[in-house]
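Below, each value reflects all heavy atoms present in this structure, side chains not excepted, and no hydrogens, waters or symmetry copies. Within every chain, numbering begins at 1; the chains are lettered A, B, ... in the order of the sequence lines, protein sequences first and strands thereafter.
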2 protein chains.
Amino acid sequence: MENFLETISALNDETRVKLLAFLDQHGALCVCDMQSSFGMIQSRLSRHLKILKDGGFLRVDRCGTWAYYSIRSPLDRFRSEALAEIRCLGIELPPLIKLSETGDCKL
Amino acid sequence: MENFLETISALNDETRVKLLAFLDQHGALCVCDMQSSFGMIQSRLSRHLKILKDGGFLRVDRCGTWAYYSIRSPLDRFRSEALAEIRCLGIELPPLIKLSETGDCKL
DNA sequence: TCAATAAATCAATATATCTTGATATTGAAG
DNA sequence: CTTCAATATCAAGATATATTGATTTATTGA
């Protein structure tokens with residue numbers, strides 16, 4: 001029951017649903033990229049990413065001080081069905097601003 | 001997005017997950033049956049049932065002053081996958097006390 | 001029409017979750 | 001070893017959700 005509720009409550013927030021959709025669209029992204037794209041302050045973003053990771057949706061790959069988040073693969077049946085549902089919502093997402101590649105990341 | 005979040009937040013509560021599992025197991029039940037089985041006060045139960053109904057999981061059939069709740073059929077893909085997930089949790093449920101049939105319902 | 005029962009709604013409080021700003025941790029570079 | 005950038009965590013206040021007891025609505029039967 002605990003695990004199920006952790007999975008569900010990970011989905012129970014508009015910000016997190018948008019982050020999932022964004023990562024689904026763009027693949028692995030580092031925190032600062034999502035920060036610049038969403039214009040979200042860092043602690044808030046970091047917290048939501050942790051909840052999505054603990055909920056079994058995301059993996060993290062660390063590369064030095066950078067953390068790349070991406071959708072876990074494979075997802076189990078229920079989580080991938082949830083992701084499919086999110087895809088169907090046609091959520092409007094911000095344009096991707098990839099500071100990590102331009103080298104402009106000093107957030 | 002709104003509808004999705006309404007569906008998700010319907011699932012985001014231990015009491016409601018148990019109610020879903022209970023109705024899945026027993027079919028249509030009237031409010032007083034669930035009240036006696038779970039030992040839950042009426043306003044609390046009524047509120048949770050409303051949230052599950054608004055979340056698209058339950059239907060209500062009224063019969064006089066009685067309200068019979070049951071799992072909506074057919075459920076769409078995502079909701080039935082959620083229900084399947086709940087079935088797999090092996091939740092411990094209280095025994096069914098069916099006051100509505102014994103005629104002892106004076107709650 | 002009136003009284004009684006089942007269920008829904010409301011208002012107040014309790015509890016949980018989200019947001020923010022500040023601080024801590026970690027790794028890379030000098 | 002020191003500094004700096006990227007990320008994570010913490011503590012406080014703000015917001016949302018859950019619980020309770022009281023009230024309301026709807027329906028049945030006298």
Report which part of the nucleic acid B:Y68 touches: base, sugar-phosphate, or nothing (heavy-atom distance under 4.0 Å, all strands). nothing

Which of D:dT27, D:dA8, C:dA7 is nearest the side chain of B:C32? It is C:dA7

Can you give me the N/O atom pairs linking the protein to nucleotides 13-15 of chain C at distances under 3.5 Å, or say none if there are none?
none

Quick one: A:F38 CZ to C:dT20 C1', roughly how many Å, whole number? 19 Å

Encode nucleotides 11-22 of chain D as B, S and - characters from 5' to 3', where the letter depends on protein heavy atoms closer than 4.0 Å: B to the base, S only to sugar-phosphate, - to neither. -------BBBBB

Send over the distance from A:D54 CG to C:dT17 C1', rounded to a whole Å. 15 Å

Distance col, row B:K98:NZ vs B:M34:CE, nearest 0.5 angstrom, shows 11.0 Å

Is the cationic atom of B:R79 (NZ for Lys, CZ for Arg) positioned less than 6.0 Å from the six-membered ring centroid of B:F57 and within 45 degrees of its normal? yes

Side chain of B:S46 only, heavy atoms from C-beta on: which candidate in D:dT7, C:dT9, D:dA8 is closest? C:dT9

Euclidean distance, atom CZ of residue B:R62 to atom P of D:dA26 [Å, nearest integer]: 11 Å

From CH2 of A:W66 over to P of C:dA28, roughly how many Å is that when rounded to an integer? 12 Å

Output the rounded distance in Å from NZ (B:K53) to P (C:dA7). 14 Å

Between C:dT9 (P) and B:L45 (CG): distance, integer Å: 13 Å

Calculate, to the nearest 0.5 Å, the distance between atoms OG and CG belonging to B:S36 and B:L29 respectively. 9.0 Å

No-hydrogen, no-angle side-chain donor-acceptor test under 3.5 Å, B:S73 and B:R59: no

Could you check whether the rings of A:F78 and A:F4 sit parallel, tilted or perpendicular, using 30° and 60° as the cut-offs? tilted

Please state how far atom CD in A:E6 lies from atom P in C:dT17, giving the value in whole angstrom units. 11 Å

